[in-house]
Trainee: 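First the structure, which I've put down as structure tokens, then a few questions once you've had a look.
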Amino acid sequence: MLGVGVESGVALALRLPALFAHDVFSGTDVSVWLADFLVLLLVPVAFFSLWRLERRRRREKLQETRASQLVQTVLDTSREWLWSVGPDGSFTFCGASSQELTGYSPAELLGRPFSMVMDPGDLAEALTARKAADKPDASWEGLITVCRHRDGSRVLVEVTGKALNDASGQPAGFAGTARPLESESSHVPGSPEIETRIKAVLNDRALRTAFQPIRSLENGSIHGAEALTRFNSSPDESPETWFLEATSVGLGVDLEFLALETALAAAARVPAPLYVALNLSPLACLDPRLGSLLQASAIPTGRIVLEITERHQVQDYEPLAAALAPLRCSGLRIAVDDAGAGYASMRHILQLRPALIKLDREIIAGIDTNQAQQALVSAMVSFASDINAALVAEGIETDAEQHTLTRLGITLGQGYLLGRPSITPTDWAQWHNPPRPKEKPPSPTDPHIFK
């Protein structure tokens with residue numbers, strides 16, 4: 001390259017004066033020879049500069065390619081799931097590890113709401129608990145929470161992330177990582193420590209109950225309230241994580257019964273005739289303590305709805321149905337939670353024939369703009385009518401979602417738009433609806449009791 005530049009410079013030095021009618025071999029015009037010398041000097045320098053620039057460009061391109069390959073290798077091989085969401089909470093990037101962690105491929109999550117796989121309520125609980133544990137930064141650094149798998153199961157994860165801003169400093173979304181945790185992981189307490197911590201909660205009865213109203217989507221009246229467990233102790237984990245860890249050391253059912261006792265005691269201050277929805281796993285429903293505990297509660301079983309959760313897989317539904325039969329006869333009603341979140345919830349519906357079906361936030365979020373979700377909810381409305389069950393839409397957060405659900409035939413709803421959970425009894429006391437004319441008492445399985 002340099003040789004070509006020198007030869008080109010010499011050629012120009014000889015030809016350039018001729019272009020201006022000068023004879024390069026005659027006379028002693030100093031200005032002509034000076035111009036020839038400058039051309040001869042500058043042309044190689046220019047070519048050398050261009051050569052260096054091209055060499056640097058190729059080196060930078062090679063470095064970018066290697067960096068891109070390295071990032072892609074990390075994305076393809078790491079167990080950590082990399083993701084980002086836009087200002088609307090929808091996925092804008094999704095790493096390949098989403099398949100293992102959530103059961104969804106990146107293509108299935110892109111453009112879908114973050115709440116499909118991670119409940120914002122769980123994250124908010126973890127952040128609130130962190131702040132309460134004398135960590136005022138309440139950052140997203142190593143939050144331990146729960147991720148929802150496609151099959152309906154819950155996966156213990158550690159989440160780290162940060163907020164994103166655009167060039168003008170305005171919020172532009174969020175990016176982070178999530179990685180699965182095992183009970184023996186060094187990032188979570190070992191089994192002895194978990195057992196000690198859970199036993200301390202059981203001994204101190206360090207639980208509280210929050211209630212979230214369930215409203216009519218037609219006129220806003222309150223028909224019931226769901227009991228949600230709140231933990232007073234550290235560490236900063238969501239309630240779901242506490243129950244998962246308790247299960248890992250064989251204390252899951254004991255913790256569930258403490259939460260149930262606490263909720264039943266608090267429910268005495270929820271005004272009648274509102275019903276109270278209590279969460280319980282299938283395994284806890286098989287415990288012989290359940291019947292006596294419900295019978296001894298301060299509220300009649302006719303006001304109790306038992307929401308069957310998915311903390312434990314049900315292998316045989318016959319014992320579960322047999323255990324629930326006398327409770328149904330006493331007036332208690334059965335609900336299936338998180339319908340639409342996975343196969344397990346649909347099996348619960350088919351096997352348990354609940355009086356109430358709660359549609360998961362996954363199929364509620366953004367339903368006003370998603371035709372597929374609307375078709376699914378419309379089908380659920382028809383299905384629920386066929387099996388004489390009532391529907392409750394969970395996680396309603398926008399007016400557009402509520403309007404769409406009402407149009408599709410959903411009459412009951414729950415979510416931040418309709419009322420946030422509260423641990424304050426004075427809030428519950430305001431949930432009193434005007435008395436209605438006396439009617440014939442409905443049967444325990446009549447879905448219209450929820451309407």
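Since we're looking at a predicted model, the values are computed, not measured.
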Trainee: Would you name the heavy atoms of Arg407 and Gln374 that are closest together and state the gap between them?
Mentor: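 Shortest heavy-atom contact: NH2-OE1, 3.2 Å.
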
Trainee: Just so I know, are the side chains of Leu356 and Arg333 near enough to count as touching, which here means a heavy-atom distance under 4.5 Å?
Mentor: no

Trainee: Relative to each other, are the rings of Phe231 and Trp242 parallel, tilted or perpendicular (30° and 60° limits)?
Mentor: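 Phe231 and Trp242: parallel rings.
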
Trainee: I'd like to know if the side chain of Glu401 reaches the main chain of Gly366, judged simply by a donor and an acceptor atom lying under 3.5 Å from each other, with no hydrogens or angles considered.
Mentor: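 Judged by distance alone, yes, a pair lies under 3.5 Å.
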
Trainee: I need the minimum non-hydrogen distance between Met380 and Leu359, along with the two atoms involved.
Mentor: CE-CD2, 3.9 Å

Trainee: Would a 4.5 Å heavy-atom cut-off, applied to side chains only, mark Thr102 and Trp81 as touching?
Mentor: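 Yes. Closest side-chain heavy atoms under 4.5 Å.
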
Trainee: Could you walk me through whether Thr411 and Leu217 pass the side-chain contact (heavy atoms from CB on, under 4.5 Å) check?
Mentor: CA-CA 5 Å; Thr411 59; Leu217 299 186; 5.9 Å; no

Trainee: May I ask you to test the Ser221-Ser216 pair for a side-chain heavy-atom distance under 4.5 Å?
Mentor: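 When only atoms from C-beta onward are counted, Ser216 and Ser221 do touch, with a gap below 4.5 Å.
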
Trainee: Closest approach of Ala268 and Ile299, non-hydrogen atoms and distance?
Mentor: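 Reported closest heavy-atom pair: CA-CG2, 4.0 Å.
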
Trainee: Are the side chains of Ile349 and Ile387 in touch, meaning some heavy atoms are under 4.5 Å apart?
Mentor: yes

Trainee: Can you find a heavy atom in the side chain of Met118 that is under 4.5 Å from one in the side chain of Val159?
Mentor: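 Side chain of Met118 against side chain of Val159, heavy atoms only: contact under 4.5 Å found.
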
Trainee: Between Thr229 and Leu258, is the side-chain contact (heavy atoms from CB on, under 4.5 Å) condition met? List the steps.
Mentor: CA-CA 10 Å; Thr229 300; Leu258 175 59; over 6 Å; no

Trainee: Would you please classify the geometry between the Trp428 ring and the Phe211 ring as parallel, tilted or perpendicular, with 30° and 60° separating the classes?
Mentor: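 Perpendicular.
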
Trainee: Short question: side chain of Ser378, backbone of Leu408 - any donor-acceptor pair under 3.5 Å?
Mentor: no

Trainee: Hey, does Leu405 have a side-chain heavy atom less than 4.5 Å from the side chain of Val377?
Mentor: yes

Trainee: What's the spacing between Ile396 CD1 and Gln402 CD if we round to 0.5 Å?
Mentor: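 Ile396 atom CD1 to Gln402 atom CD measures 6.0 Å (nearest 0.5 Å).
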
Trainee: Rounded at 0.5 Å granularity, tell me how far CD in Glu397 sits from CG in Leu417.
Mentor: 8.5 Å

Trainee: How about Ser84 and Thr92: does a side-chain donor come under 3.5 Å of a side-chain acceptor?
Mentor: yes

Trainee: For the side chain of Thr404 and the backbone of Ala400, is there at least one donor-acceptor N/O pair under 3.5 Å apart?
Mentor: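 Yes, the answer is positive, given that a donor and an acceptor are paired below the 3.5 Å cut-off.
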
Trainee: Say you draw a straight line from CD of Glu394 to CG of Leu418; how long is it, rounded to the nearest 0.5 Å?
Mentor: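 One gets 12.0 Å once the value is rounded to the nearest 0.5 Å.
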
Trainee: The test is side-chain contact (heavy atoms from CB on, under 4.5 Å); show your working for Leu228 and Gln212 and say whether it passes.
Mentor: CA-CA 8 Å; Leu228 303 169; Gln212 185 174 28; 4.1 Å; yes

Trainee: Working to the nearest 0.5 angstrom, can you tell me the gap between Thr398 OG1 and Ile367 CD1?
Mentor: 10.0 Å

Trainee: Checking Leu391 against Leu412 for the side-chain contact (heavy atoms from CB on, under 4.5 Å) test, could you report, in this order, the C-alpha distance in whole Å, the side-chain angles of both residues, the deciding distance, and whether it holds?
Mentor: CA-CA 7 Å; Leu391 285 176; Leu412 294 174; over 6 Å; no

Trainee: If I compare all heavy atoms of Leu244 with all of Leu156, which pair ends up nearest, and what's the gap?
Mentor: CD1-CD1, 4.4 Å

Trainee: At their closest point, which heavy atom of Ser297 faces which heavy atom of Ile304, and how far apart are they?
Mentor: OG-CD1, 4.1 Å

Trainee: With rounding to the nearest 0.5 Å, note down the distance linking CZ in Phe243 to CG in Leu255.
Mentor: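 Answer for the CZ-CG pair, Phe243 versus Leu255, is 4.5 Å.
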
Trainee: If you compare all heavy atoms of His223 against all heavy atoms of Tyr275, which two are closest, and at what distance to 0.1 Å?
Mentor: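 That closest heavy-atom pairing would be O-CD2, 3.1 Å.
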
Trainee: For residues Leu264 and Glu261, determine if any side-chain heavy atom of one lies less than 4.5 Å from a side-chain heavy atom of the other.
Mentor: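 Result no, sub-4.5 Å side-chain heavy-atom pair not found.
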
Trainee: Consider side-chain contact (heavy atoms from CB on, under 4.5 Å). Of Asp337, Leu280, Ile334, which one does Ile308 pass it with?
Mentor: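 Looking at Asp337, Leu280, Ile334, the match for Ile308 under the side-chain contact (heavy atoms from CB on, under 4.5 Å) is Ile334.
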
Trainee: Testing the 3.5 Å rule here: is there a donor-acceptor pair between the side chains of Glu256 and Asn279?
Mentor: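 On atom types as modelled, these side chains do not qualify, holding no pair under 3.5 Å.
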
Trainee: Is it the case that over 12 heavy atoms from other parts of the model lie below 6.0 angstrom from the CZ atom of Arg269?
Mentor: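 It does not: Arg269 CZ has 12 such atoms or fewer within range.
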
Trainee: Would you find a donor on one side and an acceptor on the other, under 3.5 Å apart, between the side chain of Asp204 and the backbone of Ala206?
Mentor: no

Trainee: Is any NZ, NE, NH1 or NH2 atom of the basic residue among Arg289 and Asp254 found under 4.0 Å from an Asp or Glu carboxylate oxygen of the other?
Mentor: yes

Trainee: Give me the ring orientation class for Trp83 and Phe174: parallel if the planes are under 30° apart, tilted from 30 to 60°, perpendicular past 60°.
Mentor: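 Parallel, since the angle between the ring planes stays under 30°.
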
Trainee: Between Lys199 and Glu195, does any NZ, NE, NH1 or NH2 come within less than 4.0 Å of an OD or OE carboxylate oxygen?
Mentor: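 A salt bridge links Glu195 with Lys199.
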
Trainee: Please confirm whether the backbone N or O of Ile363 pairs with a side-chain atom of Gln373, one donor and one acceptor, at under 3.5 Å?
Mentor: yes

Trainee: Taking the side chain from Thr301 and the backbone from Ser330, do they hold a donor-acceptor pair closer than 3.5 Å?
Mentor: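 Checking the backbone N and O of Ser330 against the side chain of Thr301, a donor-acceptor pair under 3.5 Å is found.
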
Trainee: Taking the side chain from Thr424 and the backbone from Thr426, do they hold a donor-acceptor pair closer than 3.5 Å?
Mentor: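 Not at all, since once roles are kept as given, no pair shorter than 3.5 Å links the two residues.
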
Trainee: If I take atom CD1 from residue Ile364 and atom CG from residue Asn370, how far apart are they, to the nearest 0.5 angstrom?
Mentor: 11.0 Å

Trainee: Do Pro106 and Phe93 come within less than 4.5 Å of each other through their side chains, counting heavy atoms only?
Mentor: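 No, side chains not in contact.
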
